[in-house]
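Report on the following structure.
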Amino acid sequence: MSKKFVVGYDGSEESRRAVDFAASQAKTSGAGLVVAHVLEWSPYSFLTPEELAERHKRREEELARAEKAVMGPVRENLADSGVKVETVIKYGHVADTLNLIAKESGAEQMFIGRTGQNGLSARVFGSVAGSLAQTATVPCTIVP
Amino acid sequence: MKPLFTAVAAAAGGLAASAVPAAAQSIDETVNQLFAGSTGWFVNFIFSPFPGTSFPWIVAWLVVAATVFTLYFAFVQFRAFKHSIELVRGDYSDPNDAGEVSHFQALATALSGTVGLGNIAGVAVAVGIGGPGATFWMILAGLMGMASKFTECTLGVKYRNEYDDGTVSGGPMYYLTKGFAERGLPGGRFLAILFSIFCILGALGGGNMFQANQAHQQIAGIVGQYPGWITGVLFAIVVFAVIVGGLKSIARVTEKVVPFMGIMYVAAALIIILMNADKIGWAFGQIFAGAFTGLGVAGGMVGALIQGFKRAAFSNEAGVGSAAIAHSAVRTKEPITEGFVSLLEPFIDTVVICTMTALVIIITQQMIIDPATGNYMLNEAGTAVATIDGNSGVSLTSAAFASAFSWFPYVLALAVILFAFSTMISWSYYGLKAWTYLFGEGKSKELAFKVIFCIFVVIGAAANLGPVIDFSDAAIFAMAVVNIIGLYLLMPIVKRELNSYVSRLKSGEIKKFK
């Protein structure tokens, strides 16, 4: 199995920097790049009966939109980078799911951007970078 | 033509002259009379007692069904209890299905449709009339009802319709049609249509007007009396915004607050019970003694039993078929897993929440005991147990909680209003599914039902239409008549699913993901 790096991507400027950095690292070490997009989702949230009935349809729509609006451009950008690129879209808690993707793809390293949030909201809700710093199962680079 | 015209004009004039001062009153009365006259037979039929007793046959119908399912599935509600909790926790959910409806979400949504007035006011009525012993029978009915829910929700998922656009529709009307056809039984379509009609009536009545009415009573109880239509219009606007305008945020807030309210209610009840820890043994003694002797309540042991059974059925809706509609949207390859999850519903609703209400009422000694005999004293009319200040229904629950926390009635009023709102949202969906089953899917058809639903919110809050409420309760129970006939005929299918699932679980073919 060839080497793989996972990079978290949500379409933001910060995550784009992480993808660029991860791509250059992957190129120098000859690794493939797994671009992962996680849609925040909790199985313990509350929905109305109507939302329950439409959930499967909405999920398909959300996946299609993520594929087109988020993954499409990044794949295009990386097309002539010389790095082998895979994309993964998953639902779940962002940090946990990135760990899971790293595990499933057998990745050696992980790259994420950071949103630069500080103060109250980061304290209350935590941050993806913060939790990955604590929980990552492979070396994780946080790209400023 | 002329004499007729004159006569009509004269009559109209006379009516106008005499009716002006009490116009609203007379409209209410007219509606009441018309409604009672045309639907009274139906209400009387549904709630009629067995000859020579005061035991309504519909209560026996529900309890017998729950007992049959309990025995037929060999006490599945106890055997599968642990597995049910593991399913809700997501232990068996494939992480690749994340983003789909989880077992927890289906359960939470179905629960917010059933937890409500039945748990607060209904239990107070049961204990107020049937004494503490009613609690025992209520818990028993709740435990048995778990098997009914298990049966109907399994079928709901198994025979749901999945459309090309990815949406689903499920519920008794679908399993009655498809399940009957699969077993080669006649009449499935007829029962499905009958069920849909009762479901629409139940949704507009018990799931809407009754809720709006009770919510108004609560608000009026705090801010003072004012016309009910004001509450009705406000509620209707919010309901309209959610079900027609697609304003999910309001619904989502409610769906979040309702479970919180439920937990807070149980927590407050537990605190009160612990504050009176020395009386817990005594309270359970009263419950057991009352269950078999009645402790002097009207109707004795049978009175306690009827009240307990009746209120449990009102509260958890097991066998009614409504929950099968809510549960059918879950994403699972195994319909039976949703059956397992749904059996937790009567447990949480009746065995936990209703019992808490009953214990608080008993332990705070709201009901007056004759010191000489140890039996409960009856009120002047001899119909119910005498209470401090003569409270009954929701005010009895309120007084019981207020005896420990003086501010609790305000929280309770808020809880009742929110429970009423979430029950309305749930039932608007149940009614809609029955409506689209009858008239077909389509934007304009759905809109028609939703607008009718909102109009009934106003009517329900504006007037105290006793016969209309009676009728809507009867309609909800009529759903159970149709649904349970279907469940009896389709239960072998559920058994097959159950056996297959259990053997695959044992062989390790069905694995935990966590």
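The sequence lines fix the lettering, A, B, ..., with proteins before strands; numbering per chain opens at 1. Everything numeric here is computed off the predicted structure, so don't read it as measured data.
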NZ/NE/NH1/NH2 to OD/OE distance under 4.0 Å, A:Glu67 and A:Arg75: yes
Heavy-atom distance under 4.5 Å to chain A: side chain of B:Val88, backbone, both or neither? backbone
Between B:Gly99, B:Pro95, B:Ser422, which shows the greatest number of heavy-atom pairs under 4.5 Å with chain A? B:Gly99
Heavy-atom contact with chain B under 4.5 Å, split by part of A:Ser45: both
Taking the ring of B:Tyr92 and the ring of B:His83, is the distance between their centroids below 6.0 Å? yes
What part of A:Leu52 lies closer than 4.5 angstrom to a heavy atom of chain B: side chain, backbone, both or neither? both
Determine, step by step, whether A:Glu104 and A:Lys90 satisfy the salt bridge (Lys or Arg N to Asp or Glu O under 4.0 Å) criterion, reporting the C-alpha distance in whole Å, the side-chain angles of both residues, the deciding distance to 0.1 Å, and the verdict. CA-CA 12 Å; A:Glu104 278 178 358; A:Lys90 272 191 191 288; 3.7 Å; yes
List the atom of B:Met424, the atom of B:Asn208, and the distance in Å for their closest heavy-atom pair. CG-CA, 3.9 Å
Partner chain B: residue of A:Glu51, A:Glu54, A:Glu62, A:Glu61 with the largest heavy-atom pair count (under 4.5 Å): A:Glu51
So does B:Arg89 get a backbone contact from the side chain of A:Tyr44, meaning a donor-acceptor N/O pair under 3.5 Å? yes
Carboxylate-amine/guanidinium proximity below 4.0 Å for A:Glu60 and A:Lys57: no
Region of B:Asp97 in contact with chain A, defined by heavy-atom distances below 4.5 Å: backbone
Among the listed options B:Gly90, B:Ser93, B:Pro259, the residue most often paired with chain A at heavy-atom distances under 4.5 Å: B:Pro259
